[in-house]
Amino acid sequence: MFNRKDEKVQEDQSVEPPGIIADNTDSLWEKSNSAESVISVPLSKWNDWRWQMRNRIRSYEQLVRVFPALKQRKELQGVMNKYPMAITPYYASKIQETNYSDPIFALSVPHIQELYDSACLSDDPLEEHCDMPVPGLVHRYRDRALVIATTMCSMYCRHCTRKRITGMRENSISTRRMKQIVEYLRSHPEITDVIVSGGDPLTMPDSVIDMVLSSLRSVPSVEVIRIGSRVPVVLPMRITEELVNIIRKYHPVWINTHFNHSAELTPEARAACARLADAGVPLGNQTVLLKGINDSPQIIEKLCRSLVRNRVRPYYLYQCDLVRGVEHLRTSVRKGIEIMEYMRGRVGGIAIPTFVVDVPHGGGKIPVLPNYIISMSESYTVFRNYEGMIVSYPEPGTEPVAHLIMPESQSGVWEVSAGIDEMIMPEKNKRMARRRENSPGVTGDSCNGF
Ligand code: SF4
């Protein structure tokens with residue numbers, strides 16, 4: 001377990017504290033022989049994002065050094081050989097339990113099940129390589145394009161859609177490649193929105209980020225630049241003043257980050273989001289629905305409420321892609337619908353993400369909702385709300401026929417769609433009971449018939 005030395009530590013101390021020995025390459029740390037399982041690091045290093053990057057947990061040996069309880073899990077070595085592992089010391093320090101019931105552990109530590117795939121899975125289920133007119137640029141939707149700026153991330157999420165490339169070789173985009181991309185964008189002025197992704201583009205040096213953003217801004221038709229980054233979650237100290245000052249030069253720049261669980265919204269992560277929001281960067285969040293990690297209505301509710309409190313708009317709730325190595329994390333589509341059903345009416349609209357399935361063969365994102373339209377006639381569309389209230393919406397030109405007497409009719413969906421009844425309300429509706437309590441004596445049309 002890591003322990004960030006508290007504020008009392010002298011930041012300029014030149015001698016490593018007991019419990020940590022950095023080797024010459026500065027890419028490894030080791031525990032002392034003491035029985036203590038805490039690795040202490042001076043704050044000056046801890047808060048330096050480059051130190052965090054250099055000291056990511058990359059190997060099984062390093063993992064065991066930090067979490068001795070994993071000594072018996074040698075099989076994880078095989079998983080890492082296939083799908084690289086990287087965990088920042090910061091993110092590792094947030095692990096409370098050394099097992100997969102801990103969301104941060106499960107999101108970052110390889111699982112043997114990654115080696116067992118169903119036949120439905122593939123390396124590139126979204127077929128991004130088929131929509132790549134220039135290496136590093138995906139052009140699928142007419143007005144949008146995606147730049148794969150790097151294959152490096154500060155942490156390799158076990159559920160990553162781009163497992164086929166992330167961490168295999170840690171490369172960032174070159175100026176030459178960026179020129180080719182700019183040429184393509186100039187010859188396609190219909191592209192107005194460019195997403196810089198990867199890998200994680202905010203792991204690149206400031207100078208490269210500046211080069212990428214200025215190149216994109218040099219294309220007159222590019223209106224909006226978006227950056228997809230998990231850095232605010234797993235490496236919040238990367239959101240430095242220098243970085244923020246680079247980003248704000250190229251506004252409008254939006255950032256979509258990637259919180260999957262409220263446990264990730266630590267004070268450090270919240271401060272990173274605040275630094276970006278204060279610099280005028282609109283923040284959105286993309287969550288992937290993951291079995292055993294966040295596939296519960298209450299967990300998603302808590303996450304979304306926390307995001308909004310921190311000026312991050314829940315944007316998408318993703319169904320897990322059909323990518324190799326993630327079968328054990330996939331949930332059913334039904335689970336996502338159940339979560340959306342729970343959220344609507346319980347949580348304000350600003351905190352409700354759109355649940356999407358990014359369908360195979362490059363079909364794109366399909367928004368999925370519970371069924372709210374239950375019938376339609378020429379004059380009325382019949383909806384049901386989150387409470388089960390069934391109510392009609394008259395189409396333009398429709399005259400009310402609410403008082404039409406049809407003795408053979410019972411109150412049902414057809415009557416609502418024909419305009420005979422305006423609504424059907426479940427008998428035990430608490431909202432209506434409250435309404436009657438709050439407005440005694442108000443009945444009839446002014447209260448929708450209740
Ligand atoms: S940060 Fe994004 S690109 Fe990198 S491993 Fe995680 S999900 Fe994949």
Side-chain angles (χ1 to χ4, degrees), residues 49 52-53 56-58 79-80 82-88 90-92 94 103-111 114 121-126 128-129 136-138 146-173 195-204 209 212 226-239 254-261 263-264 269 272-273 276 283-291 293-294 303 312 315-326 328-330 353 356 358 365:
W49 71 274
Q52 291 276 341
M53 286 296 285
R56 290 175 297 164
I57 304 169
R58 299 292 329 253
V79 186
M80 290 171 209
K82 185 162 187 196
Y83 300 117
M85 174 189 69
I87 311 173
T88 57
Y90 160 79
Y91 199 72
K94 303 301 176 188
I104 293 185
F105 183 93
L107 285 159
S108 56
V109 175
H111 195 297
E114 290 178 44
L121 308 179
S122 65
D123 286 338
D124 181 12
L126 308 183
E128 289 184 323
H129 69 284
L137 186 82
V138 180
L146 182 135
V147 177
I148 297 184
T150 177
T151 54
M152 176 155 72
C153 301
S154 46
M155 189 189 94
Y156 293 118
C157 311
R158 305 325 299 172
H159 58 276
C160 182
T161 289
R162 301 205 181 103
K163 267 181 125 133
R164 70 187 187 279
I165 50 172
T166 48
M168 297 299 176
R169 280 178 304 157
E170 295 193 322
N171 287 338
S172 292
I173 200 158
I195 299 145
V196 185
S197 184
D200 194 323
L202 295 188
T203 58
M204 301 190 300
I209 294 172
V212 169
R226 288 191 270 168
I227 298 173
S229 173
R230 191 151 150 76
V231 149
V233 187
V234 296
L235 185 65
M237 50 289 286
R238 170 65 181 111
I239 310 299
W254 295 55
I255 290 186
N256 265 330
T257 187
H258 183 31
F259 288 93
N260 288 313
H261 195 282
E264 296 179 316
C273 292
L276 289 167
L283 295 169
N285 187 67
Q286 312 193 137
T287 296
V288 182
L289 207 45
L290 298 164
K291 192 164 155 188
I293 296 176
N294 62 9
L303 168 65
V312 183
Y315 177 44
Y316 281 141
L317 177 64
Y318 274 102
Q319 177 70 14
C320 204
D321 289 333
L322 295 170
V323 66
R324 285 203 183 102
V326 303
H328 62 297
L329 293 172
R330 287 210 297 137
V356 289
D358 214 339
K365 297 176 195 71

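As the structure is a prediction and not an experimental result, all values here were calculated from the model. Atoms within each ligand, like the ligands themselves, are counted from 1 in listed order.
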Closest approach of any protein heavy atom to [atom], naming residue and atom:
atom                    : answer
atom 4 (Fe) of ligand 1 : C153 SG, 2.2 Å
atom 8 (Fe) of ligand 1 : C160 SG, 2.3 Å
atom 1 (S) of ligand 1  : R230 CB, 3.6 Å

For R162 and S197, which I'm curious about, is there any donor-acceptor pair between the side chains at under 3.5 Å? yes
Has K163 got any heavy atom lying under 4.0 angstrom from an atom of ligand 1? no
Note: D200-R230 ion pair, threshold 4.0 Å (strictly below): no
Only one of V312, T257, L283 passes side chain to side chain contact (heavy atoms under 4.5 Å, CB included) with L276; say which it is. L283
Please state whether the rings of H328 and H111 are parallel, tilted or perpendicular, taking 30° and 60° as the class boundaries. tilted
Ignoring hydrogens and angles, tell me if any N or O in the side chain of K163 forms a donor-acceptor pair with the backbone of R158 under 3.5 Å. yes
Atom 6 (Fe) of ligand 1 and C157: any N/O/S contact shorter than 2.8 Å? yes
